[in-house]
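Residue numbers begin at 1 in each chain, while the letters A, B, ... track the order of the sequences. Just so it is clear, the model here is predicted, and its values are computed rather than measured. All values below were derived from every heavy atom in this structure, side-chain atoms included, with hydrogens, water molecules and symmetry-related copies excluded.
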Amino acid sequence: MDNQAVTADPQLQQFIEVESQKQRFQQLVHQMTEVCWENCMDKPGPKLDSRTEVCFVNCVERFIDTSQFILNRLEQTQKSRASFSETMTDY
Amino acid sequence: MDSFSSDFPSGSSSGKMDTGTIMEQVKVQIAVANAQELLQRMTDKCFKKCIVKPGSSLDNSEQKCIAMCMDRYMDAWNTVSRAYNSRLQRERARI
């Protein structure tokens, strides 16, 4: 396949971007379902009761909060470069 | 159904493949990959929940447990998907 022709096609380019974004979403759903299952599910019953459902919703929100917190704090520690390189180069 | 596992057929002498066909094939392969991922994680979780002491076969209670577990895992997956989607909408509304 001619690579230049493929990447020059704007329709294909947009398709790739949209599908990639969809995949990132799917992957995170898979990951959070797995993690939150550990947190929220005791014994699987005949249905998902409301308490468990609330747990899953909270779990998703807190997971994303955690991810954002980590990114923000990392950004902050990189700005104050001294403290960051100290933590990184401690062998 | 071995079109799922085969690579894109190489165009003979015509060269470039139809963009629409490529997109459709990619969508199918993505859907298959997602289904496999879901099944793999579901199997892992439900095995852990339902099979305490592995016997010489799956007894009735184990099978019943696995069946319920599958349904609950799907419920959980859908709940997480909805919750994540709302969160994303909220984040976008802020910007």
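- Using a 4.5 Å cut-off between heavy atoms, Asn58(A) does not touch chain B at all.
- Cys65(B) and Lys43(A) make their closest contact through SG-NZ, 4.4 Å (heavy atoms, listed as atom of the first residue, atom of the second, distance).
- With hydrophobic clusters built from ILVMFWY side chains whose heavy atoms lie under 4.5 angstrom apart, Leu38(B) shares a cluster with Ile66(B).
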As a quick check of understanding, evaluate disulfide bond (SG atoms under 2.5 Å apart) for Cys55(A) and Cys36(A), giving each step before the final call. CA-CA 8 Å; Cys55(A) 181; Cys36(A) 296; over 6 Å; no
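- In terms of heavy-atom pairs under 4.5 angstrom with chain A, the leader among Lys45(B), Met42(B), Lys27(B) is Lys45(B).
- Both the backbone and the side chain of Asp75(B) come within contact range of chain A, judged by heavy atoms closer than 4.5 Å.
- The CD atom of Gln78(A) sits 11.0 Å away from the CD atom of Gln76(A) when rounded to the nearest 0.5 Å.
- By the 4.0 Å N-to-carboxylate-O rule, Lys47(A) lies too far from Glu53(A) to be salt-bridged with it.
- Across Phe63(A) and Gln31(A), no two heavy atoms sit closer than the pair CZ-NE2, 3.9 Å.
- Closest approach of Pro44(A) to Cys69(B), counting heavy atoms only: CB-CA, 3.8 Å.
- Between the side chains of Thr52(A) and Asp49(A), at least one donor N or O lies within less than 3.5 Å of an accepting N or O.
- The interface of residues 48-56 of chain B with chain A, defined by heavy-atom distances below 4.5 Å, comprises Lys49(B).
- Counting heavy-atom pairs under 4.5 Å between each of Met68(B), Arg87(B), Glu37(B), Glu91(B) and chain A puts Arg87(B) at the top.
- What you find for Phe56(A) and Thr33(A) is that their closest heavy atoms are CE2-O, 4.3 Å.
- Atom OH of Tyr73(B) is separated from atom CG of Asn78(B) by 11.5 Å, given to the nearest 0.5 angstrom.
- The two atoms that bring Gln11(A) and Thr19(B) nearest to each other are OE1-CG2, 4.0 Å, heavy atoms only.
- For Val57(A), the parts sitting under 4.5 Å from any heavy atom of chain B are the backbone and the side chain alike.
- The minimum heavy-atom distance between Leu74(A) and Thr77(A), with the atom names listed, is O-OG1, 2.9 Å.
- For residues 23-30 of chain A, the interface with chain B (any heavy-atom pair closer than 4.5 Å) comprises Gln23(A), Phe25(A), Gln26(A), Gln27(A), Leu28(A), Val29(A), His30(A), sorted by residue number.
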